[in-house]
Trainee: 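Can you keep this structure in mind? I'll have questions shortly.
Just so we're on the same page: letters track the sequence lines, and every chain starts at 1.
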2 protein chains.
Amino acid sequence: MTTAQRPLRADARRNLERILASARTLFAERGVHAQMEDIAARAGVGVGTLYRRFPTKESLMTALVRERFQEFTVIAAEVESTCDPADALATVMRRHAEVVEDDAAFQLAMMDLASLHWEGIEQDKAALGAIVRRIIERGQEVGAVRPDLRFEDYGALMCSTTATMHFIEDKSGWRRQQEVLLAGLRPD
Amino acid sequence: MTTAQRPLRADARRNLERILASARTLFAERGVHAQMEDIAARAGVGVGTLYRRFPTKESLMTALVRERFQEFTVIAAEVESTCDPADALATVMRRHAEVVEDDAAFQLAMMDLASLHWEGIEQDKAALGAIVRRIIERGQEVGAVRPDLRFEDYGALMCSTTATMHFIEDKSGWRRQQEVLLAGLRPD
DNA sequence: ACCTGAACACCGTTCAAGT
DNA sequence: ACCTGAACACCGTTCAAGT
């Protein structure tokens with residue numbers, strides 16, 4: 001979908017990047033109500049061009065989510081190779097949340113996306129999943145993570161924090177929610 | 001807003017109830033995309049009548065949330081007077097989540113509502129808050145709840161579970177999320 | 001007081017014409 | 001190949017006319 005199948009013509013490529021940047025800004029600024037027309041205008045292109053890349057508003061949001069997912073993977077890899085296995089899980093979770101905090105567009109997209117439209121993301125999800133799975137298993141071996149945690153739960157846990165971030169005014173709200181989660185992830 | 005200021009004329013009252021029921025059904029069925037026109041039609045009234053009671057789609061959703069909030073209060077009161085203080089908190093949280101599980105309309109509304117439009121709900125929130133606060137404090141006195149939990153966090157915690165419910169396909173996903181939270185709420 | 005539904009406004013999406 | 005923007009469709013909201 002957004003995948004760079006064949007290399008794009010230089011101008012097209014530049015337009016694509018501008019569209020993504022514009023979308024991120026406007027979603028962050030105005031929430032779901034950011035208009036396609038405005039996103040195109042701010043990127044300096046016609047609406048048609050926007051629709052050429054993203055057949056629907058939802059697919060545009062999906063693209064934004066995807067970009068972040070890739071960053072998540074980088075972060076997870078870094079944590080895995082750097083951190084004491086005993087607190088690696090807590091560290092990834094905190095760092096992933098941190099990244100997302102400033103990205104209202106991502107929060108929004110996460111909230112608004114029907115799970116059906118995620119096809120494009122599957123591969124990215126798999127890449128991230130593989131690392132997270134190892135982090136969790138290592139944590140369990142070391143006795144720092146409750147043994148019944150399945151790595152499939154990672155998404156649900158992060159989703160719950162992202163949502164809190166988005167809906168609870170008080171900035172400290174989601175941090176406290178996450179700390180409760182982290183406490184609940186330790187064995188016993 | 002929805003408050004029954006002056007008693008409504010009998011037919012108006014019946015229409016109001018039908019609108020609420022219709023809205024709950026259609027939101028549950030079609031999500032945010034349920035149309036005002038259809039909601040009115042299913043209730044057997046014209047759109048104008050719908051807009052007479054609820055000046056905006058959002059205010060209609062707010063009304064639905066409000067109804068549930070009142071039910072939350074009833075549940076909380078029941079739990080407080082019935083339950084061992086040692087597991088009262090866990091019990092309310094589980095029961096509140098249970099109620100909301102079948103109510104996609106509520107989940108949706110929670111997700112979609114800007115926090116600004118909650119004015120109508122303040123009183124209901126206060127009523128619920130008073131009880132929850134006591135439940136938490138009692139739990140802390142008995143040593144069953146971590147001492148640094150503030151009752152203001154209750155909303156964030158429930159919000160995180162509701163969101164998980166709505167976004168994670170696997171039904172067991174939110175239960176597992178909630179169990180992690182509950183584990184994290186115990187002292188130590 | 002309350003109801004109705006045609007008309008209006010807004011915004012997502014399409015497509016014919018252009019380079 | 002890719003771009004443009006006027007036109008279209010859909011749906012939230014209003015309001016003049018009716019009981």
Trainee: Just so I know, are the side chains of A:Ile136 and A:Gln140 near enough to count as touching, which here means a heavy-atom distance under 4.5 Å?
Mentor: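 A side-chain contact exists here, since the closest heavy-atom pair is under 4.5 Å.
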
Trainee: Using the ring centroid of each side chain, check whether B:Phe72 and B:Tyr154 are separated by less than 6.0 Å.
Mentor: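 Centroid separation for B:Phe72 and B:Tyr154: 6.0 Å or greater.
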
Trainee: Without decimals, in angstroms, what is the distance between B:Leu16 CG and C:dC2 P?
Mentor: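 Whole-Å distance recorded here is 11 Å.
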
Trainee: Looking at D:dT4, I'd like to know if its phosphate oxygens (OP1 or OP2) sit under 4.0 Å from a side-chain N or O belonging to A:Thr49.
Mentor: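 A:Thr49 to D:dT4 OP1/OP2: side-chain N or O found under 4.0 Å.
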
Trainee: Report the distance from atom CD of B:Gln35 to atom C1' of D:dC10, rounded to the nearest whole Å.
Mentor: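 B:Gln35 atom CD is separated from D:dC10 atom C1' by 7 Å.
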
Trainee: From C:dC2, C:dT13, D:dG12, pick the nucleotide closest to the side chain of B:Met36?
Mentor: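 Nearest to the side chain of B:Met36 among the choices is D:dG12.
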
Trainee: Which of these nucleotides, D:dT13, C:dC2, C:dG12, is closest to any side-chain atom of B:Ala12?
Mentor: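 That would be C:dC2.
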
Trainee: Let me know the distance between CZ of B:Arg14 and C1' of C:dC2, rounded to the nearest Å.
Mentor: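 Roughly 12 Å, once rounded to whole Å.
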
Trainee: Counting only Watson-Crick or G-U wobble pairs whose two distances fall under 3.5 Å, which nucleotide matches C:dA16?
Mentor: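 Paired with D:dT4.
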
Trainee: Using atom CG of B:Asp11 as one end and atom C1' of C:dC2 as the other, report the distance to the nearest whole Å.
Mentor: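 So the two atoms are 7 Å apart, to the nearest Å.
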
Trainee: Can you figure out which of D:dC2, D:dA6, D:dC3 approaches the side chain of A:Val47 most closely?
Mentor: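 My answer, after comparing the listed nucleotides, is D:dA6.
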
Trainee: Find the distance A:Arg18:CZ to D:dC2:P and express it as a whole number of Å.
Mentor: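 Value for this atom pair: 16 Å.
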
Trainee: Please report, rounded to the nearest Å, how far the P atom of D:dC3 is from the CG atom of A:Leu50.
Mentor: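 From A:Leu50 CG to D:dC3 P: 11 Å.
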
Trainee: Could you tell me the separation between the CZ atom of A:Arg9 and the P atom of D:dA1, rounded to a whole number of Å?
Mentor: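 In whole Å, D:dA1 P lies 10 Å from A:Arg9 CZ.
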
Trainee: Has B:Tyr51 got a side-chain N or O lying under 4.0 Å from the OP1 or OP2 atom of D:dT14?
Mentor: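 So the side chain of B:Tyr51 is outside the cut-off, no N or O lying under 4.0 Å from OP1 or OP2 of D:dT14.
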
Trainee: Counting only side-chain heavy atoms from C-beta out, which of C:dT13, D:dC11, D:dT14 sits nearest to A:Thr56?
Mentor: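 Nearest to the side-chain atoms of A:Thr56, counting from C-beta on, is C:dT13.
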
Trainee: Let me know, please, whether A:Ala34 or A:Gly48 comes out on the 5' side of the other along DNA chain C by nearest nucleotide.
Mentor: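 First, find each residue's nearest nucleotide; the 5'-ward one identifies A:Ala34.
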
Trainee: Of the nucleotides D:dT4, D:dC2, D:dT13, which has the atom closest to the A:Val45 side chain?
Mentor: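 For the A:Val45 side chain, the nearest candidate turns out to be D:dT4.
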
Trainee: Answer yes if the side chains of B:Thr162 and B:Gln107 hold a donor-acceptor pair under 3.5 Å, and no otherwise.
Mentor: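 Absent: no donor and acceptor within the cut-off.
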
Trainee: B:Asn15 has an atom CG; how far is it from atom P of C:dG5, in whole Å?
Mentor: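 In whole Å, C:dG5 P lies 12 Å from B:Asn15 CG.
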
Trainee: Carefully, step by step, assess A:Leu182 and A:Arg94 under the rule side-chain contact (heavy atoms from CB on, under 4.5 Å).
Mentor: CA-CA 9 Å; A:Leu182 294 177; A:Arg94 288 203 187 92; 3.5 Å; yes

Trainee: What are the two closest non-hydrogen atoms of B:Arg146 and A:Ala183, and how far apart are they?
Mentor: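 Looks like NH1-CB, 3.5 Å.
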
Trainee: Under a 3.5 Å limit for both distances, which nucleotide forms a Watson-Crick or G-U wobble pair with D:dC11, could you say?
Mentor: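 With both distances under 3.5 Å required, D:dC11 matches none.
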
Trainee: Here's a test of your reading of the structure: between A:Arg52 and A:Glu37, which maps to the more 5' nucleotide of DNA chain D?
Mentor: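 Upstream on the strand: A:Arg52.
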
